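Chain A is the first sequence line, chain B the second, and so forth, proteins listed ahead of strands; every chain is numbered from 1. Everything quoted here is computed from the prediction, not taken from an experiment.
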There are 2 protein chains.
Amino acid sequence: MELGKGNRSVTSVDVARKAGVSQSAVSLVFAGKAEGRVSAQTQREILRVAQELGYRPNTVARMLRLGHTNIIALVIPDVSNPFFAAVLKGAEQAARQQNYAVVLVNIEDDLSWQGVVMDALTAHSIGGFVLCSVRPSEDVDLTLLRYRAVMVDVTHPEISSMLLDIVGGTRAAMRHLLGLGHRKIAHLATTVDAETFHQRRDTYKQELLGAGLLVRDDYTAYAALESGAAQRAARTLLQVADPPTAIFCDDDILAIGAYKAAQEAGLKIPDDLSVVGFDDGLIAQTLTPALTTVAVPATALGRRATEILLADFQIPHEPHREVMPLELRVRSSTAAPRNSTAM
Amino acid sequence: MELGKGNRSVTSVDVARKAGVSQSAVSLVFAGKAEGRVSAQTQREILRVAQELGYRPNTVARMLRLGHTNIIALVIPDVSNPFFAAVLKGAEQAARQQNYAVVLVNIEDDLSWQGVVMDALTAHSIGGFVLCSVRPSEDVDLTLLRYRAVMVDVTHPEISSMLLDIVGGTRAAMRHLLGLGHRKIAHLATTVDAETFHQRRDTYKQELLGAGLLVRDDYTAYAALESGAAQRAARTLLQVADPPTAIFCDDDILAIGAYKAAQEAGLKIPDDLSVVGFDDGLIAQTLTPALTTVAVPATALGRRATEILLADFQIPHEPHREVMPLELRVRSSTAAPRNSTAM
DNA sequence: CTGAAAGCGCTTACAG
DNA sequence: CTGAAAGCGCTTACAG
C-alpha cells in the first residue's frame with residue numbers, strides 16, 4: 001500500500017546523497033560533533049538539505065549503537081494517588097530537561113515489581129529507574145541496579161536514595177499540638193506497612209514521651225488509606241471514655257475520616273477537636289476548615305530524585321543520599337484545647 | 001573498569017554459540033516463530049542455555065529491525081490533575097496488557113505540543129499517541145498521525161477519538177435539579193476554553209430553555225479550575241438580588257468554591273442551596289455533604305482510548321469514534337428548593 | 001529442520 | 001576536512 005512507502009522515513013543516507021556528502025558527515029552534524037571535523041560550509045548545506053527533506057535522526061538506531069536508551073521508568077504503587085502523580089510530574093520535568101522520557105510502571109498490588117524492573121533493565125529498554133515507595137523483597141539481589149536507580153522514601157545499601165524528613169515533619173506536627181496545650185493526642189494511623197509510616201508512629205510516641213505523656217493504646221486507631229475506613233477508625237477514637245482533644249493523622253486522606261467522625265459526634269473543628277494531616281495535597285485545602293498538615297513536596301521530590309538518577313549515570317560513585325525537609329503548614333484545623341481541665 | 005565488562009550483556013550470539021546452534025535459531029525461538037522451523041529438541045536446549053546465561057532479547061535492536069517501538073505516549077495537560085492521572089492509569093493498564101509502555105508527555109501551558117509530538121513521531125521513538133484534551137491548532141497538518149493517535153475528548157476529521165457524552169451527563173444533572181423543583185439554577189463555569197466545557201454550557205442553556213426558563217446573565221460566573229477563584233465567582237452568584245437555589249458546576253473543583261461561598265453566606269447545602277459537580281474524583285466524596293456529580297470514568301476512558309490506538313495499529317481503517325456514557329451520581333448536595341415561592 | 005547473510009540507521013574509530 | 005567501513009543485536013527472506 002502507498003502508506004508504507006509514503007511513510008518510509010528519510011535517513012541520514014538520503015540527506016548525504018542529496019547534499020553530496022558522506023553519511024558520516026550528516027551523522028556528525030546531528031550529533032553535534034562536527035566542529036573541527038566538518039567545514040562550516042558543509043554543515044550549513046547539510047542542515048539545509050535535512051530541513052528540506054524533513055530529516056530527523058532515528059533515535060532507536062542511535063540507542064542501539066550507543067547501548068543505552070533515553071528512557072527512565074518511574075515505578076510507583078498507584079498513579080491515581082495524587083501524591084504519586086505529583087512525583088511523576090516532577091520526574092517528567094527533570095527528565096525532559098535532559099532529553100529523557102519517563103515511562104510509568106504502575107505496580108498496584110503486584111509485589112513482585114522487581115521482576116518487571118529487572119526485565120526492563122536486561123532487555124535494555126530502560127536506562128534507569130526511580131523507585132518510589134516500593135520496597136524490595138529481602139532476597140532479591142539489586143546490585144544490577146547500582147547507578148541505574150534511585151529509591152524514593154526507601155533506603156537500600158547499594159542504591160542512591162531521596163528521602164523525606166518524616167521524623168522532622170512529624171515532630172513539627174506534634175510540637176505544634178503540644179505547644180497549643182494539647183495533652184490528649186490520638187494517632188489515626190494507616191495499616192499500610194511502609195517505612196514512612198513506621199517513622200511517623202515512632203516519632204509520635206517519642207514526642208509524647210518527651211513531653212512526659214503516656215502512649216495510650218486506646219488513643220491509636222488504624223485504617224486503610226481510604227476515607228470510609230478512616231471515618232470508622234476515627235469514630236472509635238472519639239468514643240473512648242476520656243476522648244482526645246487532638247488527632248494526628250498519618251495522611252490527609254485519613255483526616256477526611258476524622259472530619260466526618262467529628263461531625264457525626266457533634267464536635268467542632270478546631271474548637272472541640274484539633275486535626276493534623278500529612279501530605280498537603282488538594283485535600284488539605286478542600287476540607288473545611290482548611291487542614292493543618294505536614295507538607296510533602298512531591299513534585300520537588302520527583303524532580304530531585306530524577307536529577308540524582310541522571311547524575312549517577314554520568315559518574316558512578318557511592319550511593320547518593322539526600323533528605324528533603326518537610327514543613328508544617330498551620331491552617332485552621334488546630335487550636336488550643338477547650339477544656340484543659342481534664343488534664 | 002570491570003563494571004563495563006561485567007555489564008556487557010549476553011546476546012543471541014552468545015546463546016547460539018554455547019548451545020551449538022545458529023543465531024537465527026535462537027532468534028526464532030524468542031520471537032515465538034520457531035514452530036515447524038526448529039526442532040522441539042533444539043528449542044528446549046536453546047531455552048535451557050538462555051536461562052542459564054540470563055539471556056533476554058535486546059528490545060532496542062528488535063525495534064530498529066522491526067521499524068516500530070512498543071512505546072506509546074500519553075499527551076496530557078497536567079498529570080497532577082487527578083482526572084488526567086486516572087486516564088494515565090487506564091492507559092498504562094491497557095498498554096501493559098499488550099506489552100506496550102506508556103511515556104508521559106506533560107504539556108502544561110505549552111500550546112505547541114504538536115511540535116513535541118511530531119518530533120517524537122518522526123524520530124521513531126514513539127509508536128503512537130493518546131492525545132488527551134489537547135486541541136491542535138487549526139493550521140497544523142496532523143495526517144501523519146493517522147492510525148498513530150487517538151484523541152480523547154476532542155474530535156478531528158482524520159484521527160480516531162474517544163469521546164465523553166458530556167451532553168448526556170449535563171442533561172442528567174440539569175434534569176435532576178429541574179425535577180427537584182429548582183427554577184433558579186446558576187452555572188459556575190470555568191474559563192478554560194475547551195470543547196468539553198462549551199458543551200456543558202450549551203446544554204445548560206438548552207435545558208433551561210427546554211423547561212421554559214430564561215438564561216440569566218447574572219446566574220453565570222466564570223473561574224479558573226482552582227478552588228479560590230471558584231469561591232470568589234460563587235460568591236458573586238449568591239449575592240445577586242434574586243439568588244439561585246442551585247448551582248451547576250463545570251467541575252468538582254469549582255464545587256469546592258461553591259461550598260465555601262455557601263458557608264460564608266450562611267447557606268446550608270442542600271437545604272438552602274443545591275450543588276452539582278462534574279467529574280466524581282476524590283473531591284466529591286471528600287466534601288461534606290457528599291457531592292452530587294456527573295461521574296466521568298477517567299480510568300476506563302484511558303484504557304479504552306489505548307485499546308483503540310493499539311487496534312488501529314493492526315488494521316488501518318476509517319477513524320474510529322466511540323462515545324462513553326456518563327452517569328449522574330446523586331448524593332447529598334441536592335434537594336428540593338426550600339421556598340419555591342420565589343418562582 | 002538448519003545456517004549464512006543482509007540489513008534496520010545510526011556512531012565512531014580509521015585511513016586518507 | 002572528508003569518506004569508506006565496521007558494528008550495535010536483532011529479524012527474516014533465502015539457500016541448502
Side-chain angles (χ1 to χ4, degrees), chain A residues 4-5 7-46 49-50 53-70 99 121-127, chain B residues 4-5 7-46 49-50 53-70 99 121-127:
Chain A
K5 292 193 180 219
N7 263 359
R8 208 203 131 279
S9 51
V10 4
T11 72
S12 56
V13 171
D14 300 326
V15 175
R17 188 151 34 214
K18 182 137 187 193
V21 299
S22 76
Q23 182 268 329
S24 349
V26 177
S27 196
L28 253 11
V29 169
F30 277 87
K33 299 191 174 171
E35 238 40 65
R37 316 259 286 109
V38 181
S39 72
Q41 160 87 34
T42 308
Q43 287 192 46
R44 269 196 304 277
E45 178 62 6
I46 288 173
V49 173
L53 261 38
Y55 169 69
R56 307 229 61 229
N58 181 319
T59 52
V60 174
R62 185 163 206 280
M63 286 171 178
L64 175 59
R65 184 56 234 245
L66 260 28
H68 60 81
T69 71
N70 281 249
N99 268 303
L121 188 74
T122 52
H124 302 270
S125 49
I126 301 290
Chain B
K5 290 190 182 224
N7 262 359
R8 208 204 130 276
S9 52
V10 5
T11 71
S12 56
V13 172
D14 299 326
V15 176
R17 188 151 34 214
K18 180 136 189 193
V21 300
S22 76
Q23 182 269 328
S24 350
V26 177
S27 196
L28 253 9
V29 169
F30 277 86
K33 298 191 173 171
E35 239 39 65
R37 315 261 285 108
V38 181
S39 71
Q41 161 86 34
T42 308
Q43 287 192 46
R44 268 195 304 278
E45 178 62 5
I46 289 173
V49 173
L53 261 39
Y55 170 69
R56 307 229 60 228
N58 181 320
T59 51
V60 173
R62 184 162 207 279
M63 286 172 179
L64 175 59
R65 184 56 234 245
L66 260 28
H68 60 82
T69 71
N70 281 248
N99 267 303
L121 188 74
T122 52
H124 303 271
S125 50
I126 300 291

To the side chain of [X], which of [options] is closest?
X       : options               : result
A:Val38 : C:dG7, D:dA6, D:dT2   : D:dT2
A:Ser39 : D:dC8, C:dC8, D:dC1   : D:dC1
B:Arg65 : D:dT11, C:dC10, C:dG3 : D:dT11
B:Thr42 : C:dG7, C:dT2, C:dG9   : C:dT2

Nearest non-hydrogen partners of B:Asp14 and B:Ser9, listed with the distance: OD2-O, 3.9 Å
Closest non-hydrogen atom pair between A:Tyr55 and A:Thr11, with its separation: CE1-C, 3.4 Å
Heavy-atom check, side chain of A:Thr69 versus side chain of B:Val60, under 4.5 Å: yes
B:Ile126 side chain near B:Leu121 side chain, heavy-atom distance below 4.5 Å: no
Looking at [X], I'd like to know whether one of its side-chain N or O atoms comes within less than 4.0 Å of OP1 or OP2 on [N].
X       : N      : value
B:Lys33 : D:dT11 : no
A:Ser12 : C:dC10 : yes
B:Arg62 : D:dT11 : yes
A:Ser24 : D:dG3  : no
B:Ser27 : D:dT11 : yes
B:Thr11 : D:dG9  : no

Tell me: [atom1] of [X] to [atom2] of [N], nearest whole Å?
X       : N      : atom1 : atom2 : answer
B:Leu28 : D:dT12 : CG    : P     : 9 Å
A:Gln23 : C:dC14 : CD    : P     : 18 Å
B:Leu66 : D:dC10 : CG    : P     : 13 Å
B:Ile46 : D:dT11 : CD1   : C1'   : 15 Å
B:Phe30 : D:dT12 : CZ    : P     : 16 Å
B:Arg17 : D:dC10 : CZ    : P     : 13 Å
A:His68 : C:dC10 : NE2   : C1'   : 13 Å
B:Leu64 : D:dG7  : CG    : P     : 17 Å

hbond_proxy B:Arg37 side chain to C:dT2 base (donor-acceptor, 3.5 Å cutoff): yes
Sugar-phosphate, base or nothing in reach of A:Val21, heavy atoms under 4.0 Å: sugar-phosphate
If you look only at distance, which donor and acceptor atoms sit under 3.5 Å apart when one is on a side chain in residues 15-28 of chain A and the other is two or more places apart or in another chain?
unit_1, atom_1, unit_2, atom_2, d
A:Lys18, NZ, A:Glu52, OE2, 3.0
A:Ser22, OG, A:Ser24, N, 3.4
A:Ser22, OG, A:Ser24, OG, 3.4
A:Ser22, OG, A:Ala25, N, 3.2
A:Gln23, NE2, A:Ser12, OG, 3.0

Check: A:Gln43 side chain, A:Val38 main-chain N or O, donor-acceptor pair, under 3.5 Å: yes
Opposite nucleotide pairing with C:dC14, Watson-Crick or G-U, both atom distances under 3.5 Å: D:dG3
